[in-house]
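Order of listing sets the numbers, starting from 1, for every ligand and every atom in it.
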Amino acid sequence: MLHWLRTNLEQIRRNINEAAYKSGRKPEDIKLIAVSKTVPMETIKAAWEMGVTDFGENRVQELTEKFNELPEAKWHLIGHLQKNKVKYIVDKVVLIHSLDSYPLAEEINKRAVARGKCLDVLIQVNVAREPTKFGLDLSEVDDFINAVKDLPGLAVKGLMTIAPFVGDPEAVRPVFRELKKKFDALKTMEIPSAEMKYLSMGMSNDYRIAIEEGANLVRIGTRIFGERKK
Ligand SMILES: *Cc1c(COP(=O)(O)O)cnc(C)c1O
């Protein structure tokens, strides 16, 4: 059943392993997040049976519905998050990849504290400064980390970016390299409130290059589940 899914997953795992070795790391240091937006639950459950543990969604309602059907899985919110929707996901996600403003940080903090928990988040960085994308400028990251350091309901665990979509993914290698440089610089500073544990970058088109440049979380949809219906 779902042979194509198994084939896709095996291919991706091989590519991840190869890119990991190329960057001097072990395959198990790279975590695959299967981006399951628009994918039916049946297929998601099949992927789970095949060993996929982490799923990424970019819409709150879709995430909560799918969480309810497969609460054993780890669910990641990878898309832009509106403040008024934070309350629906605080209990359901293991990691928010898309922290992109101070008001959003305050809201996550408020909702997490109310439930007596601390939520792991990544700061989304718009490295290429694309006007159509969310995320902070690289130059804003230090001040932002400083601004959120006293919010007990959230723990910064790293950085995330979405690279520009280009035909030849080699073209975005410098984007990944730049974010890795920032990640390493912050790691060296050993800021207690901003542990640099996860670097979330790489999608279907460019994950191999992202891993070669240091990503340890990759968010892959199309190459696993096929083209999404528009
Ligand atoms: C949809 C999406 C992905 C996956 O994209 P594919 O090209 O299908 O792999 C990754 N990250 C984010 C933030 C997304 O919205």
Q | Lys45/Glu69 salt bridge by N-O under 4.0 Å criterion | A | yes

Q. Taking the side chain as C-beta and beyond, is there a heavy-atom pair between Lys197 and Leu122 under 4.5 Å?
A. no

Q: Flag the pair Val148 / Ser193 as yes when at least one side-chain heavy-atom distance between them is below 4.5 Å, and no otherwise.
A: no

Q) Just checking, is any N or O donor in the side chain of Ser23 or Glu213 under 3.5 Å from an acceptor N or O on the other one? A) no

Q: May I ask you to check whether Asn205 has an N/O atom sitting below 3.5 Å from an N/O atom of ligand 1?
A: no

Q.
Taking 4.0 angstrom as the limit and counting only heavy atoms of Ile162, give me the atoms of ligand 1 inside it, by number and element.
A. 13 (C)

(Q) Regarding Arg173 and Asp168, does a basic nitrogen lie under 4.0 Å from an acidic carboxylate oxygen? (A) no

(Q) Closer than 4.0 Å to some heavy atom of Ile220 - which atoms of ligand 1 meet that? (A) 9 (O)

Q. For ligand 1, which atoms have a heavy atom of Thr222 less than 4.0 angstrom away?
A. 6 (P), 7 (O), 8 (O), 9 (O)

(Q) Return the closest protein heavy atom for atom 13 (C) of ligand 1 as residue, atom name and distance. (A) Ile78 O, 3.5 Å

Q) Counting both backbone and side chain atoms, is some N or O of Gly221 under 3.5 Å from an N or O of ligand 1? A) yes

Q.
I'd like to know if Glu107 and Arg111 make a salt bridge, using a cut-off of under 4.0 Å between side-chain N and carboxylate O.
A. yes

**Q.** Protein heavy atom at shortest distance from atom 9 (O) of ligand 1
**A.** Ser204 OG, 2.6 Å

Q) Taking heavy atoms and a distance under 4.0 Å, where does Arg223 meet ligand 1: side chain, backbone, both or neither? A) neither

Q) Do Ile33 and His97 have side chains that get closer than 4.5 Å, going by heavy atoms? A) yes

Q: Pick one of side chain, backbone, both or neither for how Val35 approaches ligand 1, counting any non-hydrogen atom pair under 4.0 Å.
A: side chain

**Q.** Over 12 foreign heavy atoms within 6.0 Å of OH, Tyr198
**A.** no

Q: Pull out every atom of ligand 1 sitting under 4.0 Å from any heavy atom of Arg219, numbered as shown with elements.
A: 4 (C), 9 (O), 10 (C), 11 (N), 12 (C), 13 (C)

Q: Heavy-atom distances under 4.0 Å are what count here, so tell me which part of His97 touches ligand 1: side chain, backbone, both or neither.
A: neither

